[in-house]
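A quick write-up on the structure given underneath.
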Amino acid sequence: MSHLNLGFIISILISLNPILSLSYTDPLTQQKLDQVTNLPGQTFNVNFAHYAGYVTVNQENGRALFYWLTEATEDPASKPLVLWLSGGPGCSSIGLGMAEEMGPFHVNKDGKSVYFNPYSWNTEANLLFVDSPVGVGYSYSNTSSDIWSNGDKRTGESYAGHYVPQLSQAIVRYNKANTGSPINIKGYMVGNALTDDYHDQVGLFQFMWGVGMISDQTYKKLNELCVKESLMYTSSECKQITDIANEEMGNIDINSIFTPTCTGSVVTKRLLRKWHRVGHIGQSYDPCTKQYSTAYFNLPEVQNALHAFHFNSSNAWETCSNLTYWLDAPTSVLDVYQELISSGLRIWMFSGDTDAEIPTAATRYSINALNLTTISPWRAWWEDGHKIRGAGHEVPLHKPKQALSLLKSFLAGTSMAPFEQVIESKTDSASQQLDQVTNLPGQTFNVDFTHYAGYVTVNQENGRALFYWLTEATEDPASKPLVLWLNGGPGCSSIAFGMAEEVGPFHVNKDGKSVYFNPYSWNTVANLLFLDSPAGVGYSYSNTSSDIRSNGDKRTAEDALQFLLNWLERFPEYKGRDFYLTGESYAGHYVPQLSQAIVRYNKANAGSPINIKGYMVGNALTDDYSDHVGLFQFMWAAGMISDQTYKKSNELCDKESFIHPSPECEQITDIAYDEMGDIDPYSIFTPTCTGSGIKKRLLRKWRRVGHIGQSYDPCTEQHSIAYFNLPEVQNALHAFHFNSSNTWVTCSGVVGMYWQDSPISVLDVYQELISSGLRIWMFSGDTDAVIPTASTRYSIDALNLTTISPWRAWYEDGQVGGWTQKYEGLTFVTVRGAGHEVPLHRPKQALSLLKSFLAGTPMAQFEPVIESKTDSASQDVNSF
């Protein structure tokens with residue numbers, strides 16, 4: 001995108017040979033002829049004029065570029081002119097910029113009508129879209145060879161990362177040579193922009209690996225074969241490894257990796273196979289917008305209204321023209337940036353952080369290569385009280401309101417908004433039979449399973465007792481395995497998180513007084529047991545107060561083993577039943593350590609009642625060094641922390657303990673969180689819970705890696721706090737307190753603060769348990785900034801396991817659910833778009849994960865989902 005004043009409309013880059021040249025006669029008459037007076041399918045009135053048509057740029061060859069100008073909605077004479085260019089090379093600024101990003105007219109699903117975009121950039125500026133070069137969109141040439149001889153020298157976002165600075169450079173040079181030039185250029189702004197092939201590819205491959213889209217081997221080969229290649233002209237070896245990467249990634253939209261693809265069409269295949277066409281954008285919440293535009297802009301009545309026609313090789317209008325014969329594309333435009341920075345232009349770069357075309361890391365590497373002096377340090381910016389993130393390659397499509405704020409700041413030359421707190425109003429063991437829950441407060445629905453809750457004493461002398469909640473399987477519980485779920489922290493309640501917002505059948509409503517049924521509860525396939533561990537967590541207690549301040553990994557495993565042995569005496573029907581352990585985060589210690597304790601107990605005690613079969617952990621603290629390295633890499637690559645903080649974090653923290661870091665590491669952690677701003681690090685693309693003290697705790701206590709974040713309702717923790725403090729709920733669950741506080745809390749600060757022993761790695765435990773033959777799975781939500789996917793991959797790599805099944809995508813309902821790889825003794829699965837609490841963000845996929853784990857079968861391969869097509873979708877497929 002470039003920001004130019006109104007001289008541009010009088011004469012589009014007069015005589016900028018060889019960029020553009022034109023002859024003009026009677027421009028005011030032509031302007032009147034270009035006015036669009038009746039846009040087909042527009043059922044609403046607008047308060048601005050708009051124009052569309054052609055400007056000849058080369059008389060000899062008959063080259064003409066198509067434009068569409070929408071004047072500002074208020075006082076256009078005083079507003080600047082903003083030019084938008086989409087990239088490709090070969091993609092239409094009309095089809096993408098106008099029709100689905102920042103233009104006022106967006107195309108409806110019927111492919112025949114338009115709706116108004118309230119976040120259109122013409123609310124702030126006169127907005128000009130140009131299809132460039134010839135052969136793109138409606139732009140044409142009477143000389144057919146022109147279509148096959150385009151290039152940077154003769155020619156937004158993406159590949160406009162070349163177009164925009166190169167055009168700006170041409171204007172600046174023209175203005176220096178021509179006094180009185182009508183083009184009053186002030187600056188430019190580009191998004192997810194191809195800038196420097198080397199840095200763009202290094203950042204891209206790092207991002208793809210870091211979020212778990214490609215295998216270790218492919219990551220290594222991409223760096224070996226492609227990083228020194230041109231993105232436009234790749235070698236056969238680079239293309240070959242690129243194809244392998246695309247196969248591993250599966251059927252996802254690489255321009256927006258956490259949104260669904262448009263199924264039932266050839267669009268997704270092209271997206272996967274053509275990632276070098278970096279301007280061919282992806283889709284957002286409706287992934288099929290491109291199909292609607294293709295249908296609309298091929299309608300004869302639309303072309304007539306826009307004064308458009310074709311002289312291209314194809315009679316069909318298409319969003320992206322296959323400009324196979326692009327002639328010149330420099331491997332870097334950093335030299336252009338250096339020249340234009342010296343000229344005094346205002347230059348901004350923006351980046352959607354879920355893009356796997358030109359990811360944030362790529363842009364950061366390119367900026368670093370410029371060796372610029374920092375004026376204002378790295379920090380978060382906010383919209384409506386939330387840090388902005390979660391946009392893909394087309395930022396205005398995924399985050400339209402935030403993109404408009406970005407434009408406003410750019411045009412005004414002001415910084416993006418700092419944090420302004422948003423204050424929201426607050427609404428107002430004696431036997432198994434005795435433990436049965438018969439009347440859960442706020443349960444207004446019937447269930448077809450029995451559930452039990454209560455205490456099991458694990459240490460008589462000190463009076464330590466652990467609280468449990470068992471929900472039997474919904475069908476034939478006698479034949480189903482027993483699955484134990486543990487949350488981490490250390491100090492966080494499995495009832496609060498596992499039961500009440502993740503895998504349990506009872507989730508707490510916003511009123512904090514009632515519950516609703518979770519259709520994806522894991523008790524649909526297993527008997528599900530939740531345990532608050534150790535003493536001092538949730539409802540679990542000790543009559544010896546010093547116990548609460550002397551917990552650690554070793555005693556937690558010992559007490560949990562004793563709990564199971566004692567609990568099985570109360571529930572003897574589960575003796576010898578297939579038993580699996582699951583959990584997340586700091587349960588990355590609890591689960592393997594308890595599994596190890598069980599395996600060793602079974603070896604020493606013939607006829608043990610605990611028939612352990614395996615365990616599965618998610619976003620699990622595993623190896624402090626690997627977890628730190630992966631965490632800092634992810635935070636930096638996702639654009640959350642500054643270069644300096646990234647460097648210092650690695651220097652000061654990577655050899656530190658996660659639970660007991662040094663003061664220096666704590667200090668740089670505080671700086672990192674100040675830079676990240678008010679986001680939920682457990683789910684970086686979802687909003688935080690405003691108007692409460694929770695977010696401060698989340699930000700300052702990221703080392704409590706079991707204290708999970710929030711998802712679509714970011715305030716679920718508040719609802720649980722209210723519910724589990726109700727006396728009637730505690731009575732129904734046979735629960736009571738002997739802790740330092742009479743208030744039930746989701747995570748005990750005392751337990752976490754006084755945690756005693758926490759080994760820096762449990763990889764040795766993995767090695768022992770892999771040798772024992774247990775089924776071991778690890779899973780990872782890839783939007784977690786506490787134990788990100790990269791951390792788990794580094795930990796697995798450190799085990800040096802043999803690959804059995806290579807890295808590939810797995811599917812749910814025809815969409816990529818994530819990626820998976822099977823090693824000798826371990827299976828790894830990522831879950832696309834999930835945060836630290838995978839079952840909270842992706843409940844259906846998490847249930848599929850459990851089913852595969854229990855069955856010992858791989859995650860599902862691709863099965864095409866055939867959907868009915870609209871007429872517009874059919875037209876798009878036929879014209880693609």
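Heads up: numbering here begins at 1 and tracks the sequence. It should be emphasised that the depicted structure is a prediction, and the values quoted were computed from it without experimental measurement.
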Quick test of your reading: applying salt bridge (charged side-chain N to carboxylate O under 4.0 Å, His left out), list the pairs with at least one residue in residues 615-637, sequence neighbours left out, ordered by first then second residue. none
Got a sec, which pairs hit salt bridge (charged side-chain N to carboxylate O under 4.0 Å, His left out) with one end in residues 786-802, sequence neighbours left out? D216-R793
Do [X] and [Y] have side-chain N/O donor and acceptor atoms under 3.5 Å apart?
X: T803; Y: Q821; answer: yes
X: T234; Y: E229; answer: no
X: N255; Y: E357; answer: yes

Evaluate the side-chain proximity of [Y] to [X]: yes if any heavy-atom separation is below 4.5 Å, no if none is.
X: L769; Y: S595; result: yes
X: L529; Y: L531; result: no
X: V537; Y: N487; result: no
X: H589; Y: S758; result: yes
X: E768; Y: R600; result: yes
X: R775; Y: K613; result: no
X: I358; Y: L204; result: no
X: Q593; Y: T556; result: no

Using modelled atom types and a 3.5 Å cut-off, is there a donor and acceptor pairing between side-chain atoms of [X] and backbone atoms of [Y]?
X: S626; Y: S791; answer: no
X: E248; Y: S215; answer: yes
X: R832; Y: T259; answer: yes

Which distance, rounded to the nearest 0.5 Å, do you find between the [atom1] of [X] and the [atom2] of [Y]?
X: W522; Y: L847; atom1: CH2; atom2: CG; value: 8.5 Å
X: L484; Y: L528; atom1: CG; atom2: CG; value: 8.5 Å
X: L594; Y: I612; atom1: CG; atom2: CD1; value: 7.0 Å
X: I214; Y: W807; atom1: CD1; atom2: CH2; value: 9.0 Å
X: L561; Y: Q596; atom1: CG; atom2: CD; value: 11.5 Å
X: L621; Y: S795; atom1: CG; atom2: OG; value: 8.5 Å

Aromatic rings Y365 and H199: how do their planes relate, parallel, tilted or perpendicular, breaks at 30° and 60°? parallel
Closest non-hydrogen atom pair, [X] against [Y]:
X: P592; Y: V617; answer: CD-CG1, 4.4 Å
X: F853; Y: G614; answer: CZ-C, 4.0 Å
X: T789; Y: S780; answer: OG1-OG, 2.8 Å
X: L631; Y: P788; answer: CA-CG, 3.6 Å
X: F658; Y: V786; answer: CZ-O, 4.1 Å
X: N251; Y: T261; answer: O-CG2, 3.4 Å

Can the ring centres of F530 and F497 be said to be less than 6.0 Å apart? no
I'd like to check the ring-ring contact (aromatic ring centres under 6.0 Å, His included) partners of W810; sequence neighbours left out, ordered by chain and number. none
Y198: what forms a ring-ring contact (aromatic ring centres under 6.0 Å, His included) with it, not counting sequence neighbours? none
Take F634 and M640, measure what side-chain contact (heavy atoms from CB on, under 4.5 Å) needs, and give me the verdict at the end. CA-CA 9 Å; F634 177 78; M640 293 188 287; 4.1 Å; yes
Yes or no on side-chain hydrogen bond (donor to acceptor under 3.5 Å, both in side chains) for D654 and H628, after CA distance, side-chain angles and deciding distance? CA-CA 5 Å; D654 61 6; H628 273 125; over 6 Å; no
Residue [X] excluded, over 12 heavy atoms near [atom1] under 6.0 Å:
X: E651; atom1: CD; answer: yes
X: I760; atom1: CD1; answer: no
X: Q667; atom1: CD; answer: no

L854: which residues meet the side chain to side chain contact (heavy atoms under 4.5 Å, CB included) condition with it, sequence neighbours left out? P481, V483, V525, A526, Y580, L850
Set of residues satisfying side chain to side chain contact (heavy atoms under 4.5 Å, CB included) with respect to S649, sequence neighbours excluded: F632, T645, I668
Do you know which of Y219, F828, Y625, W209 makes ring pair (Phe, Tyr, Trp, His ring centres under 6.0 Å) with Y794? W209
Please name the residue in the list W485, Y766, W777 that meets the ring pair (Phe, Tyr, Trp, His ring centres under 6.0 Å) test with Y615. Y766
Apply the test side-chain contact (heavy atoms from CB on, under 4.5 Å) to residues W819 and D782: give CA-CA distance (whole Å), side-chain angles for both, the deciding distance (0.1 Å), then the verdict. CA-CA 10 Å; W819 293 268; D782 54 14; 4.0 Å; yes
Tell me, with the steps shown, if T195 and M349 meet side-chain contact (heavy atoms from CB on, under 4.5 Å). CA-CA 10 Å; T195 305; M349 301 179 78; 3.5 Å; yes
Please test R364 against W636 for side-chain contact (heavy atoms from CB on, under 4.5 Å), starting from the C-alpha separation and ending with a verdict. CA-CA 9 Å; R364 298 192 75 174; W636 182 86; 3.5 Å; yes
If you measure from the Lys or Arg side-chain nitrogens to the Asp or Glu carboxylate oxygens, is any gap between R555 and E558 under 4.0 Å? no
